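Please read the structure below before turning to the comments.
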Amino acid sequence: MPAPVGADAVAVSTAAGVTVRTVGGAQPRGAPPPCPACGAVHPPPPAVAGPPPGADVWRIGLDGAGDALGPVASLLDIRERERAARIRDRLSADRYVLTHGAVRTILGSYLRIAGCTVHWSAGRHGKPAFDGPLSHWQWSLSRSAEHALLAVCLSAPVGVDIERVDEQTPAVALAARFLPLDEAASVAAQETPHAARVAYHRLLSRKEACVKASGGRLLDGLRLNVLTPGTVHGTGALAGRRWQLRDLSAPPGFVATLAVLDDEVRGLRLFDWGRRAPGPEPGNFRPPAPSSAAGQTPRSLPFEFQRSPAEPWPRGECSR
C-alpha cells in the first residue's frame, strides 16, 4: 500500500482483517500558510492514505489542546461556533470545538478540500450526511469526555459507538425490561455483577451503532437481536434493514462497536488524529502503535463514554 503524501514512515500490521497504520505526519518547515478559502491559519491536515477500502475509524483526543484550540476553532462554521458559545462549561465547549475541528480536517483531507469549507446536513435524529456529488461519503461521529471516534466509509452508511461500563448500572433489571428475552438471559447468566454490566453495555453499544448507521434512534433499536456480532436483521420500526456488526478494541471498562448498513466491513483501518499549534515544525498525526506480531490483536484505542447518573439507561447519542 503506498505511503500517504508527506508521510515519513509507514508500518502496517494486520490481525483479523484490521489494519493499524503508523504514519509519520508531514513536517513542513515554518508555520502553515493562511487558508485560501477563509484566510485563517488552520492546523495542517492529517496524511490520509487514500479513500477507505472498507471503513476507517479515527480516534480523536480532546484534551491538552493548549494553543491549538484557536486554529482548530477557526475551522468551524457559524452554527458550530454558536453552539459552542451556548455550552456553559468551558471544558465541554473546548471538547466540542476540538471534535468538530478534527472532523473537518479529516474529512477535508479525504475530499481534498479545506476543512473550513466542509458542509453537511443532519437527519431527523442527527445523522450527518453530505448532499449532492459527495453523498456517497458516509460517516459517523461518537464523542464523550476527552475522546471521540469518527468512522468513514464509501461503500455504505456507517455507525460507530462507544460505551462506558457504568458500575452503577442495574444491568440484569434493565436487560429484563428493555432487551429481547435471549439477550436478557445472557446478561443474567453472567457469573459476576461486573460481567453482567459489561455484557449489557456491549449489547447497547451494538444496538446504538446499528441505529446510527440507519439514522434512527436507540429506542427503535432496543429490540434488535445483537447477541453476537455479524449480520443483524431489523425488527419493528427497523424491519427490512440489515447491518454488519463488528466489535472494536477498547480498554478495560469500555466497549465500542462499528456497524455498516447493508454491507460487509471489507477492511478496517484504525487511525489516531493529533494536533499541535502552528509553529516551526507543526506535527499533524500521532498514530497508534501497531501490534508486534501477525495474528495479535491490535492495541486498544483509548475511548471513554460519559453519562448522567440520572439516566435510567444509556441514551442514544446523535451522530454529530
Side-chain angles (χ1 to χ4, degrees), residues 122-129 138 140-145 149 151 156-190 192-248 250 253-263 265 303-320:
R124 179 181 176 186
H125 300 295
K127 181 174 176 59
Q138 302 287 329
S140 175
L141 173 66
S142 182
R143 69 179 172 89
S144 184
L149 287 179
V158 65
V160 69
D161 183 70
I162 53 176
E163 294 276 353
R164 181 179 180 180
V165 179
D166 188 345
E167 291 302 323
Q168 302 302 316
T169 298
V172 174
L174 290 176
R177 180 179 178 185
F178 295 110
L179 305 187
L181 291 177
D182 56 347
E183 293 181 353
S186 175
V187 172
Q190 300 300 314
T192 66
H194 174 74
R197 295 185 186 103
V198 172
Y200 175 69
H201 284 280
R202 170 67 71 190
L203 293 169
L204 285 179
S205 179
R206 292 172 179 170
K207 296 172 190 287
E208 182 74 44
C210 286
V211 297
K212 281 187 173 183
S214 59
R217 54 181 183 162
L218 180 58
L219 182 62
D220 295 331
L222 286 175
R223 306 307 296 180
L224 291 175
N225 193 313
V226 294
L227 194 57
T228 58
T231 303
V232 174
H233 295 278
T235 58
L238 299 174
R241 303 196 178 186
R242 184 188 66 179
W243 302 264
Q244 292 294 328
L245 275 181
R246 183 160 194 164
D247 293 335
L248 297 175
F254 301 89
V255 292
T257 313
L258 177 73
V260 177
L261 184 65
D262 294 326
D263 200 5
V265 183
F303 316 141
E304 186 163 313
F305 184 89
Q306 188 176 28
R307 187 181 317 108
S308 168
E311 294 176 6
W313 78 85
R315 181 180 60 197
E317 288 189 306
C318 291
S319 305
R320 57 176 180 241

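Treat the numbers as computed from the prediction; the structure is a model and nothing was measured.
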If you look at every heavy atom in [X] and [Y], which pair is closest and at what distance?
| X | Y | answer |
| --- | --- | --- |
| Ala259 | Leu245 | CB-CD2, 3.6 Å |
| Ala175 | Ala184 | O-CB, 3.5 Å |
| Val260 | Ala156 | CG1-CB, 3.6 Å |
| Leu261 | Trp243 | CD1-NE1, 3.3 Å |
| Val160 | Ser142 | O-CB, 3.6 Å |
| Pro157 | Lys127 | CB-CE, 4.4 Å |

Q.
Between Asp247 and Val255, is there a side-chain heavy-atom distance shorter than 4.5 Å?
A.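 When only atoms from C-beta onward are counted, Asp247 and Val255 do not touch, as no gap falls below 4.5 Å.
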
**Q.** His125 side chain near Val211 side chain, heavy-atom distance below 4.5 Å
**A.**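 No, too far: nothing below the 4.5 Å cut-off.
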
So how far is it from [X] [atom1] to [Y] [atom2], rounded to the nearest 0.5 Å?
| X | Y | atom1 | atom2 | answer |
| --- | --- | --- | --- | --- |
| Cys210 | Leu238 | SG | CG | 8.5 Å |
| Ser214 | Leu224 | OG | CG | 8.0 Å |
| Tyr200 | Asp166 | OH | CG | 10.5 Å |
| Ile162 | Leu149 | CD1 | CG | 5.0 Å |
| Phe178 | Leu219 | CZ | CG | 9.0 Å |

(Q) Enumerate the salt bridge (charged side-chain N to carboxylate O under 4.0 Å, His left out) contacts for residues 219-242, please, sequence neighbours excluded, ordered by first and then second residue. (A)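 Sorted result for residues 219-242: Arg217-Asp220.
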
Q. Taking Thr257 as the fixed residue, which of Glu163, Arg202, Lys212 is the one that meets the side chain to side chain contact (heavy atoms under 4.5 Å, CB included) rule?
A.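 So, applying the side chain to side chain contact (heavy atoms under 4.5 Å, CB included) to Thr257 and each of Glu163, Arg202, Lys212, only Arg202 qualifies.
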
Q: For Gln138, check side-chain hydrogen bond (donor to acceptor under 3.5 Å, both in side chains) against everything at least two apart and list the hits.
A: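 Here no residue qualifies.
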
(Q) Could you work out, with side-chain hydrogen bond (donor to acceptor under 3.5 Å, both in side chains) as the rule, every residue matching Thr231, not counting sequence neighbours? (A)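 Partners of Thr231 by the side-chain hydrogen bond (donor to acceptor under 3.5 Å, both in side chains) criterion, ordered by chain and then number, come out as Gln244.
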
Q: Tell me, with the steps shown, if Leu174 and Leu179 meet side-chain contact (heavy atoms from CB on, under 4.5 Å).
A: CA-CA 8 Å; Leu174 290 176; Leu179 305 187; over 6 Å; no

**Q.** Salt-bridge contact Glu183-Lys207 (side-chain N to carboxylate O under 4.0 Å)
**A.**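 The answer is yes: the pair qualifies as a salt bridge.
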
Q: Please test Ser205 against Asp161 for side-chain hydrogen bond (donor to acceptor under 3.5 Å, both in side chains), starting from the C-alpha separation and ending with a verdict.
A: CA-CA 6 Å; Ser205 179; Asp161 183 70; 3.2 Å; yes

**Q.** side-chain hydrogen bond (donor to acceptor under 3.5 Å, both in side chains) partner of Arg197, the single match among Gln190, Gln168, Glu167
**A.**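 Answer to the side-chain hydrogen bond (donor to acceptor under 3.5 Å, both in side chains) test with Arg197 among Gln190, Gln168, Glu167: Glu167.
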
